[in-house]
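Worksheet for the structure shown next.
Naming: A, B, ... by sequence-line order, numbering from 1 per chain.
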Number of protein chains: 2
Amino acid sequence: MTTPTSTQTETQTPDDFLRLDQQICFSLNAASRAFGSVYRVALKDLGLTYPQYLVMLLLWEHGELPVKKLGEHLRLDSGTLSPLLKRLEATGLVRRERSARDERSVVVGLTDEGGALRERALAVPRRIAAATSFDLDEIRDLRARLDKLTAALDSAELETD
Amino acid sequence: MTTPTSTQTETQTPDDFLRLDQQICFSLNAASRAFGSVYRVALKDLGLTYPQYLVMLLLWEHGELPVKKLGEHLRLDSGTLSPLLKRLEATGLVRRERSARDERSVVVGLTDEGGALRERALAVPRRIAAATSFDLDEIRDLRARLDKLTAALDSAELETD
DNA sequence: CACAATTAAGTTGTGCGCAATCTAGTGGCG
DNA sequence: CGCCACTAGATTGCGCACAACTTAATTGTG
């Protein structure tokens, strides 16, 4: 067993801190991956992965966006987006062209096929919502907490400490 | 802009469902990745990635475990664990040997170096906790909700539907 | 005991996430 | 104009997550 000998003094590091701290990030991770499995099934007949689906959501909403903007919305850099977009282009859902105004920028838009896929994607959210068995208020509340947590982590990262 | 023409009838799929549903899983994902960045920094001088750190936590707590048990605790299969453990073995923190009782099983244990690393790891939780700026109750509550969500997603997945 | 079904790890292949680096275009500013 | 800092994307390399498959050991059942 090797039961930790909880020192329990006023200062830091009581022995089982090494379990407590694991909790929140691990739970987060586990939930995220569990969602992944559910989305994987729901998105299978659309031929999309979850990150690809997120890109398509943005394009369905905004019509077209430069890679930079996609990255800002999704918190992803070009190292992740470039190959992902290349795959979406290869499957014919997306079109990429360099902006005329700024030759550095690449604008991503929908092909007809990509636009048409939206119809079939409308069934996805309901399937996901059913799988969570959370009501909308619960979801909203949880989301708010998570966003607050993310913001805290982001700003903590900036500090040199 | 292409503002969706919210149909708003009684049935499902009001148009912007395609944004709402993104929310919870995306927030989850974002929080998980934000944690990843913070852990990456905190674990850097230990020479561990976050998943490797989780394995070490289990070994520090339990002494040694078969790969199967590690996978159950972490929700990971051998496809992920085998190469990860091989890397930990290569850096000298971990020892792997086939069980004598069941030759199929591989038991993972700590080397002296791996055991010694625990001392330095004790500083990690505090750094992480500081970065979240959440108090313990908040953490506990959030964790409970996430675990409930994960359980719901897991059981939903089993249903053939 | 023999042999099929099950189980534990490992392997292979794909895609994501991210750091680090590279390329090329843009925008100052003297 | 010429040079330099900056910016947008792409590329490379590594590790994780997971599906699908392989190999080898074990268990159960006739």
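- Rounding to whole angstrom units, CZ of residue R40(A) and C1' of dT14(C) are separated by 11 Å.
- Residue N29(A) places its side chain closer to dA17(D) than to any other of dA19(D), dG17(C), dA17(D).
- One interatomic measurement links the two molecules: CG of D77(B) to P of dT22(D), which rounds to 17 Å at whole-angstrom precision.
- Separating the CZ atom of R33(A) from the P atom of dA19(D) is a distance of 11 Å, rounded to the nearest angstrom.
- Panel note: side chain T132(B), backbone A129(B); a donor-acceptor pair is recorded below 3.5 Å.
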Check your understanding: Quick one: what's the B/S/- string for nucleotides 6-11 of chain D, heavy-atom cutoff under 4.0 Å, read 5' to 3'?
Key -> -BSBBB
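- A salt bridge does not link R120(A) to D45(A): none of the charged nitrogens lies less than 4.0 Å from a carboxylate oxygen.
- Distance OH (Y50(A)) to C1' (dA17(D)): 16 Å, rounded to an integer number of Å.
- Of the possible donor and acceptor atoms, one in the side chain of T91(B) sits under 3.5 Å from a partner among the backbone N and O of L88(B).
- Atom CZ of R75(B) and atom P of dA17(D) are 12 Å apart (whole Å).
- D137(B) pairs by the salt bridge (Lys or Arg N to Asp or Glu O under 4.0 Å) definition with R140(B), not counting sequence neighbours.
- Between the side chain of T80(B) and the backbone N or O of L76(B), no donor-acceptor pair lies under 3.5 Å.
- Rounded to whole Å, the distance from CD on Q52(A) to C1' on dG17(C) is 14 Å.
- Applying the salt bridge (Lys or Arg N to Asp or Glu O under 4.0 Å) test to every pair with at least one member in residues 70-82 of chain A, sequence neighbours left out, gives these pairs: K68(A)-E72(A), K69(A)-E72(A), R75(A)-D154(A).
- Every salt bridge (Lys or Arg N to Asp or Glu O under 4.0 Å) that R96(B) has, sequence neighbours left out, goes to E89(B).
- Residue pairs satisfying the ring-ring contact (aromatic ring centres under 6.0 Å, His included) criterion with at least one member in residues 115-142 of chain A, sequence neighbours excluded, are absent.
- For the pair L28(B) CG and dA17(D) C1', the computed distance is 16 Å after rounding to whole Å.
- Residues from residues 147-154 of chain B lying near DNA chain C, meaning a heavy-atom separation below 4.0 Å, are absent.
- The distance between atom OH of Y39(A) and atom C1' of dA17(D), rounded to the nearest whole Å, is 18 Å.
- The neighbour count for D135(B) CG, taken as heavy atoms of other residues, nucleotides or ligands under 6.0 Å away, is above 12.
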